[in-house]
Colleague: 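My questions will all concern the structure given below.
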Amino acid sequence: MVRVQKIPLNQIRRPLPRTNDQEKVKALMASIAEIGQQEPIDVLEVEGQYYGFSGCHRYEACQRLGQETILAKIRKAPKSVLQMHMA
């Protein structure tokens, strides 16, 4: 089951480091500032903790804009699914 809601940015763990295209982040910042976030990021919820593996540019754009929350598609998953994402 997937639900879409705003969650606090500071509650999302991003265990895999990514290098973002800063021009894309700046463009997203301008878009989000003007019309809001249109596409949610995908988040796994494992034992009450949120883990993000995609939406890196949107995540950074919202962070740099000083937003406290981000729109996310949340999918509950067991630890085994989290481990597959970490491999």
Side-chain angles (χ1 to χ4, degrees):
M1 185 166 123
V2 175
R3 69 184 191 277
V4 177
Q5 70 182 58
K6 287 192 172 193
I7 58 175
L9 279 166
N10 65 3
Q11 289 185 13
I12 301 171
R13 297 177 184 201
R14 302 204 56 96
L16 301 177
R18 303 281 170 116
T19 302
N20 290 335
D21 175 341
Q22 291 306 303
E23 292 305 313
K24 185 173 180 179
V25 172
K26 287 178 188 175
L28 280 167
M29 288 173 68
S31 173
I32 291 169
E34 183 177 336
I35 62 172
Q37 181 187 351
Q38 300 298 299
E39 186 68 29
I41 64 169
D42 293 312
V43 173
L44 287 179
E45 182 182 358
V46 179
E47 298 180 352
Q49 297 292 318
Y50 298 118
Y51 295 87
F53 295 95
S54 65
C56 300
H57 291 88
R58 284 169 283 166
Y59 178 87
E60 183 178 340
C62 287
Q63 214 175 25
R64 290 180 51 190
L65 285 167
Q67 296 188 352
E68 293 185 12
T69 61
I70 190 167
L71 187 63
K73 275 193 281 185
I74 303 165
R75 181 171 56 104
K76 282 194 173 194
K79 274 189 173 181
S80 60
V81 171
L82 176 61
Q83 290 169 342
M84 288 185 339
H85 282 281
M86 300 290 288

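The analysis underlying the following values was restricted to heavy atoms, covering all of them including side chains, and did not include hydrogens, waters or symmetry mates.
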Colleague: Checking one residue: Leu82. Which other hydrophobic residues are in its cluster under the side-chain 4.5 Å linking rule?
Modeller: Leu16, Leu44, Val46, Tyr51, Phe53, Val81, Met86
Colleague: Once you round to the nearest 0.5 Å, how far does NE2 of His85 lie from OG of Ser54?
Modeller: 9.0 Å
Colleague: May I ask you to decide if Leu28's main-chain N or O and Arg58's side chain share a donor-acceptor pair within less than 3.5 Å?
Modeller: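 Pair absent, no side-chain N/O of Arg58 close to backbone of Leu28.
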Colleague: Testing the basics here: between Val43 and Ala72, what is the closest heavy-atom pair and its distance to 0.1 Å?
Modeller: CG2-CB, 3.8 Å
Colleague: Mind checking whether Lys76 and Arg3 have side chains closer than 4.5 Å, heavy atoms only?
Modeller: yes
Colleague: Near Glu68 CD, under 6.0 Å, is it more than 12 heavy atoms from other residues, nucleotides or ligands?
Modeller: no
Colleague: Count the heavy atoms of every other residue, nucleotide or ligand shown that sit under 6.0 Å from CD of Gln22, and state whether that count exceeds 12.
Modeller: yes
Colleague: Taking atom CD of Gln49 and atom CD of Gln11, what is their separation to the nearest 0.5 Å?
Modeller: 8.0 Å
Colleague: So which heavy atom on Thr69 is nearest to which on Lys6, and how close?
Modeller: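 Nearest heavy atoms, Thr69 then Lys6: OG1-CD, 3.6 Å.
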Colleague: Between atom NZ of Lys26 and atom CD of Glu60, what is the distance when rounded to the nearest 0.5 Å?
Modeller: 10.5 Å
Colleague: Quick check: closest heavy atoms across Gln67 and Ile32, and the distance to 0.1 Å?
Modeller: NE2-CG2, 3.4 Å
Colleague: How close do Arg14 and Cys56 get, heavy atom to heavy atom, and via which atoms?
Modeller: NH2-SG, 2.9 Å
Colleague: Look at the side-chain heavy atoms of Ile, Leu, Val, Met, Phe, Trp and Tyr, link any pair under 4.5 Å apart, and say whether Leu9 and Leu71 land in one connected group.
Modeller: no
Colleague: Does Arg75, at its CZ atom, have more than 12 non-hydrogen atoms belonging to other residues, nucleotides or ligands within less than 6.0 Å?
Modeller: no
Colleague: Do Ile12 and Ile41 come close enough that some side-chain heavy atom pair is under 4.5 Å?
Modeller: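 Ile12 vs Ile41: side chains touch.
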Colleague: Using every non-hydrogen atom in the two residues, find where Ile70 and Tyr59 come nearest and quote the distance to one decimal.
Modeller: CD1-CA, 3.8 Å
Colleague: Donor-acceptor pair, Gln38 side chain versus Gly36 backbone, under 3.5 Å?
Modeller: yes
